[in-house]
Amino acid sequence: MQIAKNQELKIYNSLTGKKEIFKPINEGHIGMYVCGPTVYSNVHLGNCRTFMSFDMIFRYFKHLGYKVRYVRNITDAGHLVDDADDGEDKIAKKARLEKLEPMEVVQRYTVDFHTILEKFNFLPPSIEPTATGHIIEQIEIIKTIINNGFAYEINGSVYFDVSTFNEQKEYGKLSGRKLEDMIANTRELAAQSEKRNPQDFALWKKAEPEHIMRWPSPWGDGFPGWHLECTAMSTKYLGETFDIHGGGMDLKFPHHECEIAQAEACNGHSPVNYWLHANMLTLNGKKMAKSTGNSILPNEIFTGENTILSKPFSPSVVRFFMMQAHYTSILDISNDALLASEKGFNKLMEAIDNLDKLTVKDNSSFNITQWQQQCYDAMNDDFNSPILISKLFEAVKQINLIKEGKSTITKADKTILTQTLHSFVFDVLGLENKNNTASDNKIDGVIALLIELRKEARENKDFATSDKIRNQLAEMGIELKDGKEGTTFNIL
RNA sequence: GGCAUUGUGGCCGAGUGGCUAGGCAGAGCUCUGCAAAAGCUUGUACAGCGGUUCGAAUCCGCUCGAUGCCUCCA
């Protein structure tokens with residue numbers, strides 16, 4: 001693990017638009033906040049990709065030996081359906097439609113969220129706070145922002161005063177927007193608003209009598225604005241300034257922009273050193289939308305119960321597929337792409353399975369430490385998992401060559417190779433080797449016996465029997481492979 | 001319309017101002033009883049049009065397309 005300590009990591013900071021050398025505030029420690037899901041429906045596959053990217057980042061930091069406090073919230077209130085003044089809380093709306101208690105909706109979809117992430121082999125975050133559990137903190141922040149002159153109360157609601165803020169600070173620096181442009185682009189709408197300016201956003205919304213989710217506050221009964229919860233929870237658990245804030249590209253504006261404004265209005269300084277944004281996932285080249293049918297749920301991929309893909313794909317294959325693209329790139333998911341990834345994934349896993357069987361020699365025919373460093377270099381360059389995977393396939397090739405006796409490896413190098421592969425494949429990328437779990441000793445024994453019988457038949461030139469064994473096993477999804485050092489098998 | 005991201009070979013996807021990504025698919029060869037697997041060989045790709053440069057797919061400008069957000073519309 002010593003090598004892991006000395007790696008210099010560069011990450012793309014969307015606040016500055018540059019790759020920067022990463023320096024944590026406290027050496028050896030990292031505070032990271034990622035905006036979690038709003039739990040009003042089944043978790044979206046695109047969300048999974050975002051969270052998976054940060055899961056990989058979390059894993060790599062841990063692998064490097066950092067102590068990471070990773071906070072990912074659950075939004076269980078406050079996310080308005082639209083930004084109009086009569087906006088309804090997404091959770092409350094769903095509850096009304098489904099005739100459920102709001103917390104029933106929250107519970108159902110929180111469980112769904114956790115179930116799916118578990119299938120994808122996510123590491124749980126250090127803290128997973130809920131918005132409704134931090135109403136008091138949010139009210140305190142609102143009070144401070146009002147006292148600092150950056151918010152105003154009207155009719156029981158509190159709004160953030162963007163233009164006043166912009167006179168002293170800079171609103172729009174994350175998303176590259178200028179307030180003047182935004183004002184210029186805003187047409188006069190007939191709809192009356194109690195906001196002073198259309199750019200102002202709600203910190204606290206007055207609850208109408210029919211509104212079911214409500215809390216008392218100094219401004220009357222109401223509920224918090226969506227942007228505020230992240231500020232409250234990140235500040236509480238990570239401090240007024242912390243290292244990394246992540247989320248999907250779609251949250252950059254207005255959500256993250258508002259978080260910056262809130263934190264600066266409250267504490268007087270920028271809350272985050274490095275902003276990371278994961279890019280979107282498209283399906284068959286088009287954006288995913290339930291309304292057009294161009295949409296698929298994670299579970300529908302695993303079970304194969306969908307009209308888009310030709311067969312089911314395991315969570316690890318989907319994960320591998322996603323890791324083959326950089327987290328800042330738009331990724332397109334399709335049947336062909338998943339099929340290709342599945343083959344590549346199986347090839348990688350087979351090579352890892354074969355590691356044990358490699359025979360060692362006095363010298364190695366390739367430079368293992370150089371290769372190992374290249375793996376780190378890939379990840380150190382803004383978590384470039386696709387490059388890492390290309391390096392892993394170089395190792396796969398070497399493993400196959402060694403297996404064929406066309407390449408050699410020493411005992412010491414084999415240990416490094418094994419450790420490095422396991423670290424990157426399982427610990428960092430978070431993949432799971434289903435070959436190890438799908439088969440058990442009894443099956444292995446039976447197949448070994450069949451392989452032995454087939455070998456005898458082949459030696460006796462009884463090819464009818466040997467082919468029967470091979471073909472019938474193949475029909476059952478058990479593939480035999482004749483190598484230089486005997487026959488191996490693979491359960492598909 | 002505005003802001004941002006983006007457009008790479010049959011498919012998916014990296015990357016760099018001049019030097020191999022990688023996976024999948026295809027072709028040839030080796031191995032094999034035959035296959036499969038594996039290995040070797042094989043691809044005149046960088047949306048279009050201009051410009052900067054000794055040299056650009058990589059930098060700049062414009063055009064077109066995609067995705068996200070804002071606006072509009074609903």
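Reckoned from all heavy atoms, side chains included, excluding hydrogens, waters and symmetry mates. Just so it is clear, the model here is predicted, and its values are computed rather than measured. Within every chain, numbering begins at 1; the chains are lettered A, B, ... in the order of the sequence lines, protein sequences first and strands thereafter.
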With the criterion being N/O to N/O and under 3.5 Å, what pairs connect the protein with nucleotides 37-41 of chain B, and how long is each?
unit_1	atom_1	unit_2	atom_2	d
B:A38	O3'	A:N400	ND2	3.3
B:C40	OP1	A:K397	NZ	2.9

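- To the nearest angstrom, C1' of B:U16 lies 13 Å from CG of A:N384.
- Applying the ring pair (Phe, Tyr, Trp, His ring centres under 6.0 Å) test to pairs two or more places apart or on separate chains, those with a residue in residues 325-371 of chain A are A:F320-A:F345.
- A:K461 has its NZ atom 12 Å from the C1' atom of B:U32, to the nearest Å.
- Taking atom CG of A:L331 as the reference point, atom C1' of B:C12 lies 8 Å away to the nearest angstrom.
- Pairs of residues two or more places apart, or lying in two chains, that qualify as ring pair (Phe, Tyr, Trp, His ring centres under 6.0 Å) and include a residue from residues 381-405 of chain A are A:F61-A:F383.
- Heavy atoms of A:F253 sit under 4.0 angstrom from primed sugar atoms or phosphate atoms, though from no base atom.
- One interatomic measurement links the two molecules: NE2 of A:H255 to C1' of B:C3, which rounds to 19 Å at whole-angstrom precision.
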Anything under 3.5 Å between a protein N or O and an N or O of nucleotides 26-28 of chain B, put it in a table, one pair a line.
none

Can you give the dot-bracket line for RNA chain B, using ( ) for pairs inside the strand, [ ] for pairs that cross earlier ones, | for pairs with another strand and . for unpaired bases, where Watson-Crick and G-U count if both distances are under 3.5 Å? (((((((..(((.....[...))).(((((.......)))))....(((((..]....))))))))))))....
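- Interface remark: the A:N460 side chain does not form any donor-acceptor pair with the B:G33 base, using a distance-only criterion of under 3.5 Å.
- Annotation: ring pair (Phe, Tyr, Trp, His ring centres under 6.0 Å) contacts involving residues 285-307 of chain A, sequence neighbours excluded, comprise A:F120-A:F302.
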I'd like to compare against my own output: the B/S/- annotation of nucleotides 59-68 of chain B with a strict under-4.0 Å heavy-atom distance to protein. --------SS
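- For A:E342, the salt bridge (Lys or Arg N to Asp or Glu O under 4.0 Å) partners are A:K311, not counting sequence neighbours.
- Pairs engaging residues 381-398 of chain A under the salt bridge (Lys or Arg N to Asp or Glu O under 4.0 Å) rule: A:K19-A:D381, A:K391-A:E394 [sequence neighbours left out].
- Scored by the side-chain contact (heavy atoms from CB on, under 4.5 Å) test, A:K252 finds A:S14, A:L174, A:H277 as partners (sequence neighbours excluded).
- Distance CE (A:M379) to P (B:G15): 13 Å, rounded to an integer number of Å.
- Scored by the side-chain contact (heavy atoms from CB on, under 4.5 Å) test, A:S157 finds A:Y159, A:E194, A:K205, A:K206 as partners (sequence neighbours excluded).
- A:Y152 carries A:R196 over the face of its six-membered ring, with the cationic atom under 6.0 Å from the centre and within 45° of the normal.
- Qualifying side-chain contact (heavy atoms from CB on, under 4.5 Å) partners for A:K411, counting only residues two or more places apart in sequence or in other chains: A:V360.
- Stacking between A:F393 and B:G23 is absent: the ring centroid is not both under 5.5 Å from the six-membered base ring centre and under 30° in plane angle.
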